[in-house]
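Notes follow the structure.
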Amino acid sequence: MAKLFLGLDSSTQSLSAVVIDADRRKVIYEKSLNFDQTLPRYGTENGVLPNRDPLAKHSPPLMWAEALDRLFAQMKKDKVPLGEILAMSGSGQQHGSIYLNGRAAGALAKLNPQKSLVENLQGIFSRSTSPIWMDSSTAAECAEIRKQLGGIKATAKATGSDAFERFTGPQIRKFYQTEPKAYGQTASIALVSSFMASLLAGKIAPIDFGDGAGMNLMDIRKKTWHPGALKATAPDLKKKLPPLAASGKVIGKVSAYFVRKFGLNPEALATVWTGDNPASVIGLGLIQPGQVAISLGTSDTYFGSMKKCQTDAHGEGHVFGSPAGGYMTLICFKNGSLARERIREHYGLKDWAAFGKLLAQTKPGNGGGILLPWFDAEIVPRVNRPGVHRFYLDEKDAAANGRAIIEAQMMSMRLHSKWMQVAPEKILATGGASNNPQLLQVMADVMNCRVERIEVSKSAALGAALQAAHGWLVQAGKKPKWEKIVAGFTNPIPNSEIRPNLKAAKIYDKLIGKYAACERKALKQIG
Ligand code: XUL
């Protein structure tokens with residue numbers, strides 16, 4: 001019998017599945033189910049409910065449950081050998097929260113396969129919608145929690161991050177303050193990850209150290225609920241939170257609901273889920289401390305593994321638990337592809353090849369010309385008043401502006417990742433813009449580090465499947481090595497390595513101080 005493991009990823013817009021064959025080191029199946037298209041009756045746009053308040057972003061938790069039913073039905077239809085799956089795990093969009101009443105545990109324990117999951121889950125919610133990571137309506141609650149915990153540095157030191165609007169603690173506080181009665185009726189609060197794990201396990205599932213760190217409620221060093229943070233957030237909170245556990249830990253056998261309805265093996269194991277970012281760390285093979293990836297997408301993210309817990313005194317970056325043990329860091333730069341596109345369009349360049357040619361006409365260091373591309377409010381550094389700032393740079397010079405935006409993005413990453421005290425040995429570049437070799441050369445030169453490209457389809461769901469394999473082996477009494485678990489699944493693109501040009505790297509070593517000074521000046525101007 002093949003050793004099959006299932007990984008699911010419940011993201012903002014879709015639910016995805018990846019099935020791996022651990023012996024053949026192969027992905028044997030992958031599928032995504034888009035919420036808006038498959039489940040239009042929930043009325044979501046890109047997975048989110050329309051809301052009068054532009055800062056409030058909620059989704060319906062029943063939609064996620066129905067998607068799970070539909071995806072299993074699809075897998076059965078596609079003849080995935082569901083009976084051969086040994087264990088399953090998953091990942092969820094981080095920070096989103098689900099509020100369950102006293103009936104939830106009982107309903108989960110006796111899910112009836114004659115009915116749908118949605119029918120089974122009627123009446124178990126104390127709040128019908130779930131605030132998700134895109135919600136930024138809790139600035140006041142963040143300020144209150146931060147103050148109680150002693151400021152930005154202390155909050156980050158205690159929980160791994162400063163208080164952020166999308167983080168679960170501030171969201172819970174808002175619910176408690178605006179709907180105290182419904183908060184009082186809440187018996188259990190779940191994250192998207194632990195809610196989905198609860199459905200598979202047929203019982204309230206633990207929250208893992210990866211996703212738990214995205215709540216401003218977990219003591220990042222002890223990996224236990226932080227009493228001060230709980231107190232600063234809402235009364236009686238400890239009682240409403242499930243236990244914390246390692247990602248991939250076995251919860252128990254899969255619920256009989258999935259065995260009877262879809263033909264899963266009754267011995268198959270349901271394990272603890274994690275957040276999509278921690279799962280992607282596994283799905284990209286970032287197992288060893290010092291392994292770093294830069295994802296160049298709508299926003300750019302810099303993330304990687306870290307052995308010792310090191311928090312950001314400025315409160316810009318995050319520290320989460322890594323499913324591979326130890327910690328992972330994540331810094332999110334909002335002005336990523338969008339900012340690159342604005343510059344490309346502004347200078348009338350028809351495509352990225354034209355942009356690349358323009359970069360080639362200029363020299364590393366750009367003659368000292370610096371641009372701060374805050375087209376949108378920026379997360380790192382915190383910029384609430386958007387605006388583009390130029391220093392020693394002529395706006396009319398298309399080539400210099402093209403180089404300036406890429407250099408700025410890379411210098412910002414170098415500057416704002418310093419707190420991690422992790423010098424990367426190699427950077428894995430991924431995401432849409434990573435197929436631009438000129439851009440990757442600037443990355444290698446600014447970071448003074450080798451860069452390799454990696455493209456893993458559905459990296460979070462793959463990471464979750466690998467996590468299931470790890471959890472299954474641990475349960476069997478083995479001591480699996482993560483390097484062996486990921487081997488063969490997470491290879492960089494052959495011959496994609498770009499080495500830093502030492503002369504250019506020296507130029508950036510000098511320029512970084514000047515860049516930091518320009519950033520300070522612009523931030524001061526903004527006030
Ligand atoms: C991370 C974050 C997002 C979501 C996306 O802090 O908010 O990356 O996890 O699903």
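Computation of the quantities below employed the complete heavy-atom set of this structure, encompassing side-chain atoms and omitting hydrogens, waters and symmetry-equivalent molecules.
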Give the C-alpha distance, both sets of side-chain angles, the deciding distance and a yes or no for side-chain hydrogen bond (donor to acceptor under 3.5 Å, both in side chains) between W64 and S59. CA-CA 9 Å; W64 299 325; S59 297; 5.0 Å; no
Test of ring centre spacing under 6.0 Å for F35 and Y42: no
CG of L49 to NZ of K57: how many Å apart, nearest 0.5 Å? 10.5 Å
Would you check, one step at a time, whether the test side-chain hydrogen bond (donor to acceptor under 3.5 Å, both in side chains) holds for D69 with Y257? CA-CA 10 Å; D69 250 347; Y257 175 90; 2.8 Å; yes
Is it the case that the side chain of N335 and the backbone of A339 share a donor-acceptor pair, with hydrogens and angles ignored and the cut-off at 3.5 Å? no
Looking at every non-hydrogen atom in both residues, tell me the closest pair between A17 and L6 and how far apart they are. CB-CD1, 4.1 Å
Do D9 and S91 have a side chain donor and acceptor closer than 3.5 Å? yes
Minimum heavy-atom separation for A65 to L117, with atom names? O-CD1, 3.4 Å
Distance-only donor-acceptor hits, side chain of residues 227-234, under 3.5 Å, sequence neighbours excluded:
unit_1: T233; atom_1: OG1; unit_2: A229; atom_2: O; d: 2.6

Taking all atoms of both residues into account, what is the closest heavy-atom pair of E165 and Q171, and its distance? O-NE2, 3.0 Å
Donor-acceptor check, side chain of N216 to backbone of D162, threshold 3.5 angstrom: yes or no? yes
Atom CD1 of I294 and atom CD of Q409: how far apart are they, to the nearest 0.5 Å? 10.5 Å
Has Q93 got a side-chain atom pairing as donor or acceptor with S10's backbone, closer than 3.5 angstrom? no
Ignoring hydrogens and geometry, is there a side-chain-to-backbone donor-acceptor pair from R146 to A163 under 3.5 Å? yes
Other residues, nucleotides and ligands only: do more than 12 of their heavy atoms fall within 6.0 Å of OH on Y176? no
I'd like to know if the side chain of S247 and the backbone of W273 have a donor-acceptor N/O pair within less than 3.5 Å. no
Hey, can you tell me if H470 and W482 have their rings parallel, tilted or perpendicular (30° and 60° cut-offs)? parallel
R260 atom CZ, neighbour heavy-atom count above 12 within 6.0 Å: no
Shortest non-hydrogen contact from I287 to A324? CD1-CB, 4.3 Å
Mutual orientation of the aromatic rings belonging to F164 and H318 [parallel < 30°, tilted 30-60°, perpendicular > 60°]: perpendicular
Tell me whether R127 contacts the main-chain N or O of T186 through its side chain, where contact means a donor paired with an acceptor under 3.5 Å. no
Spell out, as yes or no, whether a donor-acceptor pair under 3.5 Å connects the side chain of S305 to the backbone of L286. yes
Is K223 positioned over the aromatic face of Y327, cation under 6.0 angstrom from the ring centre and no more than 45 degrees off axis? yes
CA sep, side-chain torsions, deciding dist, call: T274, D211, side-chain hydrogen bond (donor to acceptor under 3.5 Å, both in side chains): CA-CA 5 Å; T274 187; D211 223 8; 5.9 Å; no
